[in-house]
> 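The structure's right below; bear with me while I get my questions together.
Residue numbering restarts at 1 for every chain, and letters A, B, ... go by the order of the sequence lines. Please read these numbers as outputs of a predicted model, since none were measured by experiment.
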Amino acid sequence: MQPKQAADKMTESEIEAFRRDLLDWYDRHRRTLPWRAGPAQTADPYHVWLSEIMLQQTVVAAVIPFFLKFVDKWPTVHDLAAADQQDVMDAWAGLGYYSRARNLHKCAQVIAHEYNGVFPQVPAELKKLPGIGDYTSAAITAIAFDRPATVIDGNVDRVISRYFAITEPLPDSKPQIRQYAGMLSEARADRPGDFAQAMMDLGATICTPKSPKCILCPLSGSCKGHESGIHQTLPHKKAKPQKPTRYGYIYWITDRNGRVLCHRRPPEGLLGGMTGLPTSEWGEDIENIKHFLHSDQNAPVKTKAQVRHVFTHFNLMLDGYLIDIKENRVEFPEDYYWVSRKNMQNIEMPTVFKKFVRLML
DNA sequence: TACACGTGGCT
DNA sequence: TAGCCAAGTGT
């Protein structure tokens with residue numbers, strides 16, 4: 001194995017120039033965001049934490065309405081801790097990665113009950129909390145408390161990879177990136193929160209994955225990737241395995257009163273804890289998929305409705321079926337329950353189920 | 001280390 | 001249209 005290439009050292013004046021150029025740019029072009037403190041204002045740790053959880057693998061535009069809804073419903077961490085888990089899951093429906101919502105609620109309870117409502121300020125303490133890892137612990141330390149921390153997200157990966165022209169593919173280049181990012185931010189008391197946010201704003205608005213706007217970039221004059229013309233191709237990434245497609249059936253099951261059968265999904269795993277509609281198992285071989293409910297009395301009737309949905313690691317294709325329950329004697333497990341047709345459009349559920357509900361209503 | 005885990009916007 | 005990608009974490 002090749003020895004890891006050591007990060008080239010920057011001189012102290014080069015580091016200071018980088019930080020000054022970036023922070024000057026940030027002072028002129030910082031984005032106004034609902035959770036972000038204004039210049040010279042103090043951030044609310046609850047808002048910073050909540051926004052950072054929502055922003056994990058999620059774009060700012062998608063987060064804003066959810067953030068506003070959450071702080072409106074639960075203005076403090078105590079309010080969130082006291083909320084019903086189901087209300088939190090429902091409020092999160094549509095934002096994705098639902099384990100974040102479960103961990104958010106758990107974390108609020110730990111903060112409220114074991115930390116007296118006060119967030120810890122250092123990464124090592126923050127990382128003990130559910131849903132908070134390397135990135136989020138550093139981000140809260142820097143942004144909420146303006147303490148030095150090395151904040152590395154996908155934006156920082158890209159900015160650093162390009163600025164230092166790192167050609168080793170991610171994630172193998174992570175140690176190098178961490179070394180460079182640390183060199184620029186570790187133990188530097190001058191505006192740690194603004195520096196972290198400036199790096200991410202730069203990555204989100206200037207040093208974008210496609211068509212970076214180098215002409216507007218405060219760092220282009222010293223960017224090694226720009227100098228050698230390879231910036232657009234960076235960061236290199238290891239090839240991802242191909243996504244399989246899974247198939248299955250989804251059901252619109254109605255009773256004599258026109259009610260529709262819904263399903264509370266098990267707490268862990270895909271879409272865990274969320275409300276959905278009944279489906280069969282999902283598999284790559286449709287021939288081997290059995291219907292969820294099948295009897296002579298209640299035979300599934302195929303519809304034209306189909307649901308296609310893309311998950312992170314597989315594509316899904318569901319064929320819609322109608323089942324009309326003629327006898328009220330049919331018993332379902334406890335996690336299935338009836339909802340009036342009128343209320344179906346108000347039930348909060350993940351997008352894959354919303355798609356089917358829209359087709360059927 | 002590698003994989004599970006959502007969604008919507010952009011190209 | 002299909003693939004890429006986004007302020008990652010947990011196991």
Side-chain angles (χ1 to χ4, degrees), chain A residues 31 33-36 43 47-67 89 92-104 106-107 123 126-144 149-159 170-172 174-175 181 193 195-205 207-212 232-233 235-246 265 267-274 276 282 307-316 349-355:
Chain A
R31 292 178 290 178
L33 300 170
W35 48 84
R36 184 174 274 181
H47 290 181
V48 172
W49 163 71
L50 178 60
S51 67
E52 289 302 341
I53 301 298
M54 290 182 166
L55 285 162
Q56 291 168 3
Q57 296 287 283
T58 310
V59 292
V60 164
V63 165
I64 288 174
F66 284 87
F67 176 82
M89 300 308 289
W92 196 278
L95 195 56
Y97 283 136
Y98 298 99
S99 66
R100 291 185 296 173
R102 292 195 296 276
N103 286 330
L104 183 84
K106 276 188 221 161
C107 185
L126 286 160
K127 268 188 72 169
K128 295 177 183 170
L129 298 164
I132 298 182
D134 285 333
Y135 162 75
T136 306
S137 58
I140 294 172
T141 294
I143 298 169
T150 301
V151 179
I152 302 174
D153 71 334
N155 290 302
V156 176
D157 283 340
R158 189 168 56 256
V159 170
L170 283 167
D172 295 351
K174 280 276 182 187
F195 183 81
Q197 294 177 95
M199 288 287 277
M200 295 191 281
D201 270 21
L202 188 77
T205 64
C207 197
T208 47
K210 313 268 183 187
S211 311
Q232 187 115 224
T233 72
H236 296 324
K237 296 188 178 182
K238 275 189 170 171
K240 289 167 189 163
Q242 205 191 345
K243 251 186 221 189
T245 298
R246 295 182 189 168
R265 299 174 62 82
E268 304 294 327
L270 187 71
L271 310 175
M274 303 301 292
W282 307 343
V307 176
R308 289 168 179 271
H309 196 71
V310 178
F311 290 99
T312 308
H313 52 297
F314 65 95
N315 300 310
L316 181 65
M349 47 179 75
T351 301
V352 59
F353 299 113
K354 283 264 188 192
K355 287 180 179 176

> Assign A:Gly272 to base, sugar-phosphate, or nothing according to its heavy-atom contacts below 4.0 angstrom with the strands shown.
nothing

> Measure from CG on A:Asn103 to P on C:dT11 and round the result to the nearest Å.
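After rounding, the reported distance stands at 8 Å.
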
> What about A:Ser99: does its side chain form a donor-acceptor pair under 3.5 Å with the base of C:dG10?
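Answer is no: no donor-acceptor pair is held.
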
> Test your reading of the model: is there a side-chain donor-acceptor pair from A:Asn315 to the backbone of A:Arg246, 3.5 Å cut-off?
no

> To the nearest 0.5 Å, tell me how far A:Trp49 CH2 sits from A:Leu129 CG.
9.0 Å

> Taking any heavy-atom pair under 4.0 Å as a contact, classify A:Pro350: base, sugar-phosphate, or nothing.
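If one applies the 4.0 Å heavy-atom cut-off, A:Pro350 turns out to touch the sugar-phosphate alone, with no base involved.
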
> For A:Gly276, is there any backbone N or O sitting under 3.5 Å from a side-chain donor or acceptor partner on A:Arg265?
no

> Hey, does A:Val310 reach any base, or is it just sugar-phosphate, or nothing, if we go heavy atoms under 4.0 Å?
base

> Find the distance between CG (A:Leu33) and CZ (A:Phe67) and round it off to the nearest 0.5 Å.
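If I round to the nearest 0.5 Å, the distance is 9.5 Å.
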
> At under 4.0 Å between heavy atoms, what does A:Arg31 touch on the DNA or RNA strands: base, sugar-phosphate, or nothing?
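Base contact.
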
> What integer distance in Å separates A:Leu170:CG from C:dA6:P?
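After rounding, the reported distance stands at 10 Å.
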
> Could you give the distance separating C:dT11 and B:dG6 at their P atoms, to the nearest angstrom?
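Nearest-Å result for B:dG6 against C:dT11 at atom P: 14 Å.
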
> Is A:His309 close enough to B:dT7 that one of its side-chain N or O atoms is under 4.0 Å from OP1 or OP2 there?
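Affirmative; the distance criterion is met.
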
> Using a 4.0 Å heavy-atom cut-off across all strands, classify A:Ile53 as base, sugar-phosphate, or nothing.
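Contact class for A:Ile53: none.
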
> Please report the distance, rounded to the nearest Å, between NZ in A:Lys243 and P in B:dG6.
13 Å

> Would you indicate what A:Leu104 reaches in the nucleic acid, counting non-hydrogen atoms under 4.0 angstrom: base, sugar-phosphate, or nothing?
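Nothing, no heavy atom under 4.0 Å.
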
> Is A:Arg36 paired with A:Asp201 through a side-chain N to carboxylate O contact shorter than 4.0 Å?
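Yes.
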
> Out of C:dG8, B:dA4, B:dG6, which nucleotide sits closest to the side chain of A:Leu270?
B:dG6

> From the set B:dA4, B:dT11, C:dA6, return the single nucleotide nearest to any side-chain atom of A:Lys210.
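So the nucleotide nearest the side chain must be B:dT11.
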
> Round to the nearest Å and state the distance from A:His313 atom NE2 to B:dA2 atom C1'.
13 Å

> Return no unless some side-chain N or O of A:Gln56 is found under 4.0 Å from OP1 or OP2 of C:dG8.
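Checking A:Gln56 against C:dG8: no side-chain N or O falls below 4.0 Å of OP1 or OP2.
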
> Which part of the nucleic acid does A:Arg102 contact within heavy-atom distance under 4.0 Å: base, sugar-phosphate only, or nothing?
nothing

> Describe the nucleic acid contact of A:Thr136 in one word from base, sugar-phosphate, nothing, applying a heavy-atom distance below 4.0 Å.
sugar-phosphate

> Could you check whether A:Pro171 gets within reach of a base, just the sugar-phosphate, or nothing at all, counting any heavy atom under 4.0 Å?
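If one applies the 4.0 Å heavy-atom cut-off, A:Pro171 turns out to touch nothing in the nucleic acid.
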
> Choose from C:dG8, B:dT7, C:dC5 the nucleotide whose nearest atom is closest to any side-chain atom of A:Asp153.
C:dG8

> From the list C:dT9, B:dT11, C:dA6, which nucleotide is the closest neighbour of the side chain of A:Lys237?
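Nearest to the side chain of A:Lys237 among the choices is C:dA6.
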
> Please find out if less than 6.0 Å separates the ring center of A:His309 from that of A:Phe311.
yes

> Do A:Tyr135 and C:dG8 share a donor-acceptor pair, side chain to base, under 3.5 Å?
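Answer no: no donor N or O sits under 3.5 Å from an acceptor.
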
> Side chain of A:Tyr98 only, please: which of B:dT11, B:dA4, B:dT7 is the nearest?
B:dT7

> Among C:dT9, C:dC5, B:dG6, which nucleotide has an atom closest to any side-chain atom of A:Lys240?
C:dC5

> Which listed nucleotide (B:dG6, C:dA6, B:dT7) is nearest to the side chain of A:Arg100?
B:dG6

> Could you pick out which residue, A:Leu55 or A:Gly131, lies toward the 5' side of DNA chain C when each is mapped onto its nearest nucleotide?
A:Leu55

> Look at all strands and tell whether A:Val151 reaches a base, only sugar-phosphate, or nothing, counting heavy atoms closer than 4.0 Å.
nothing

> Take the protein atom CE of A:Met274 and the nucleotide atom P of B:dG6, then report the distance between them rounded to whole Å.
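Distance, rounded to whole Å: 9 Å.
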
> Starting from the 5' end of DNA chain B, give me the residue, A:Tyr97 or A:Pro241, whose nearest nucleotide shows up first.
A:Pro241

> Decide if atom CZ of A:Arg308 counts as having more than 12 heavy atoms of other residues, nucleotides or ligands within a radius under 6.0 Å.
no

> A:Lys174 NZ to B:dA2 P: how many Å, rounded?
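To the nearest whole Å, that distance equals 14 Å.
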
> When only distance counts, do a donor and an acceptor, one from the side chain of A:Thr351 and one from the base of B:dG8, lie under 3.5 Å apart?
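Counting by modelled atom types and ignoring angles, no donor-acceptor contact under 3.5 Å is found here.
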
> In whole angstrom, what separates A:Leu95's CG from C:dA6's P?
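Roughly 17 Å, once rounded to whole Å.
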
> Starting from the 5' end of DNA chain C, give me the residue, A:Trp35 or A:Ile132, whose nearest nucleotide shows up first.
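Looking at DNA chain C, the more 5' nearest nucleotide goes with A:Trp35.
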
> Please report, rounded to the nearest Å, how far the P atom of B:dT7 is from the CG atom of A:Asn315.
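Answer to the nearest Å: 14 Å.
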
